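What you see is a predicted model; the values in this text were computed from it and never measured.
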Amino acid sequence: MKPSDPLSAPLTRCRAVALLVDGENVSPGQAAACHEAAAALGPVTVARVYGDARNIGTWLEKPGYHAVHAGSGRNLTDMLLTVEAMALAFSGDVDGFALASNDGDFTPLVQALTARGFPVLGLVGPAASGILRASFTQVQVLAPPKAPKAAERAAPPPRPAPEITARAALADGPVTPQVFARAMQLAGHTVPKGSAGWRAWAKKSLPGFTVEGSGPATRYRVGP
């Protein structure tokens with residue numbers, strides 16, 4: 001996370017902080033960074049993420065956050081977050097806010113909160129507008145979420161043994177040599193070393209494998 005903007009005012013410690021996240025504008029990979037930054041302002045007693053539940057990805061799975069479904073209408077996320085932020089401001093339950101979004105449409109909300117004496121920490125990306133940044137009491141620029149390490153990425157499914165692929169290719173009856181070879185290729189297999197081709201390999205490796213016909217009428221079959 002980058003340092004605060006140089007023109008931002010210092011933040012006073014709050015007794016209770018509301019962390020409100022625009023889930024359609026901030027990556028779920030930044031959930032921990034948002035919570036950590038808000039906690040520097042004071043104890044986070046409210047942590048909500050807003051958006052169409054179908055479009056906010058793994059925000060729904062992030063611990064410590066309450067997801068608020070805003071529906072799919074135009075600007076519904078902005079309106080719902082704004083309404084709930086003002087309700088919190090008048091409730092007396094919080095005395096500080098952290099808002100995570102790059103959306104300049106939240107500028108009037110931020111200005112309304114700061115005008116009422118609430119410190120508002122802005123958690124934004126590099127693309128956030130200058131007007132939005134200037135409205136916050138202080139700004140933290142969120143670093144892009146780190147890409148998963150190679151070891152953490154989902155491993156590709158294991159390739160089935162060639163014998164399994166071959167039996168699957170022949171399960172519905174005789175097939176041409178071309179169809180058989182194509183099925184083996186699509187499964188990622190190449191002719192094993194020491195075999196002159198798939199036909200020679202199958203004769204050696206597949207019990208019940210037989211060849212019917214000759215020339216264009218050649219078909220491969222496997223018995224039970």
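Between Trp59 and Val21 the shortest side-chain heavy-atom distance falls below 4.5 Å. Arg13 is not listed as a side-chain neighbour of Leu41, based on a closest heavy-atom distance of 4.5 Å or more. Counting heavy atoms from C-beta on, the side chains of Arg167 and Val222 come closer than 4.5 Å. In this structure the side chain of Val211 reaches within 4.5 angstrom of the side chain of Thr218, judged on heavy atoms. By the 4.5 Å heavy-atom criterion applied to side chains, Pro177 and Tyr220 are counted as neighbours. You'll find the side chain of Val141 reaches within 4.5 Å of the side chain of Arg133, heavy atoms only. Taking 4.5 Å as the limit, every side-chain heavy atom of Val46 sits out of range of all side-chain heavy atoms of Leu19.
Between Asp22 atom CG and Leu99 atom CG the span is 7.5 Å, to the nearest 0.5 Å. Atom OG1 of Thr77 is separated from atom CD of Glu24 by 3.5 Å, given to the nearest 0.5 angstrom.
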| said: Set out, in order, the CA-CA distance, both residues' side-chain angles and the distance that settles side-chain contact (heavy atoms from CB on, under 4.5 Å) for Val94 and Thr45, then state yes or no. | reply: CA-CA 8 Å; Val94 300; Thr45 58; 3.9 Å; yes
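Within the structure, the salt bridge (Lys or Arg N to Asp or Glu O under 4.0 Å) test picks out no pair touching residues 200-210 (sequence neighbours left out).
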Please tabulate, one pair per line, all N/O donor-acceptor pairs under 3.5 Å involving side-chain atoms of residues 81-90, not counting sequence neighbours.
unit_1	atom_1	unit_2	atom_2	d
Thr82	OG1	Asp78	O	2.8
Glu84	OE1	Arg48	NH1	2.8
Glu84	OE1	Tyr50	OH	2.6

Listing, residues 67-75 side-chain donor-acceptor contacts under 3.5 Å, not counting sequence neighbours, or none:
unit_1	atom_1	unit_2	atom_2	d
His69	ND1	Ala53	N	3.0
Ser72	OG	Arg54	NH2	3.3

Using a 3.5 Å cut-off and no angle test, enumerate the donor-acceptor pairs between side-chain atoms of residues 116-127 and protein atoms at least two apart in sequence or in another chain.
unit_1	atom_1	unit_2	atom_2	d
Arg116	NH1	Ala112	O	3.0

Which atom pairs, donor and acceptor, lie under 3.5 Å between side-chain atoms of residues 183-197 and protein residues at least two apart or in another chain?
unit_1	atom_1	unit_2	atom_2	d
Gln185	OE1	Arg182	NH1	3.1
His189	NE2	Pro160	O	3.1
His189	NE2	Thr165	OG1	3.0

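Summarising the hydrophobic clusters (Ile, Leu, Val, Met, Phe, Trp, Tyr; side-chain heavy atoms under 4.5 Å, direct or chained), the residues clustered with Ile164 are none.
Heavy atoms only, all atoms of each residue included: Phe97 and Leu20 are closest at CD2-CD1, 4.2 Å. Asp103 approaches Leu132 most closely through the heavy-atom pair O-CD2, 3.7 Å. Heavy-atom minimum distance, Gln30 versus Leu142: NE2-CB, 3.6 Å. Closest approach of Gly51 and Ile56 over heavy atoms only: CA-CG2, 3.9 Å.
Remark: side-chain polar atoms of Asp95 are not paired, donor with acceptor, to backbone N or O of Cys14 under 3.5 angstrom. When atom types are taken as modelled, the side chain of Thr114 and the backbone of Gln111 share a donor-acceptor pair closer than 3.5 angstrom.
The pair Arg219-Glu212 does not meet the salt-bridge criterion, since no charged nitrogen lies less than 4.0 angstrom from a carboxylate oxygen.
Under a hydrophobic-cluster definition in which Ile, Leu, Val, Met, Phe, Trp and Tyr are linked whenever side-chain heavy atoms come within less than 4.5 Å, directly or via other members, Ile131 and Val139 are assigned to different clusters. Leu76 and Phe106 sit in two unconnected hydrophobic clusters of ILVMFWY residues. Membership requires side-chain heavy atoms under 4.5 Å apart, directly or through other members.
Note: Tyr65 and His35 have perpendicular aromatic rings, judged against thresholds of 30 and 60 degrees for the angle between ring planes.
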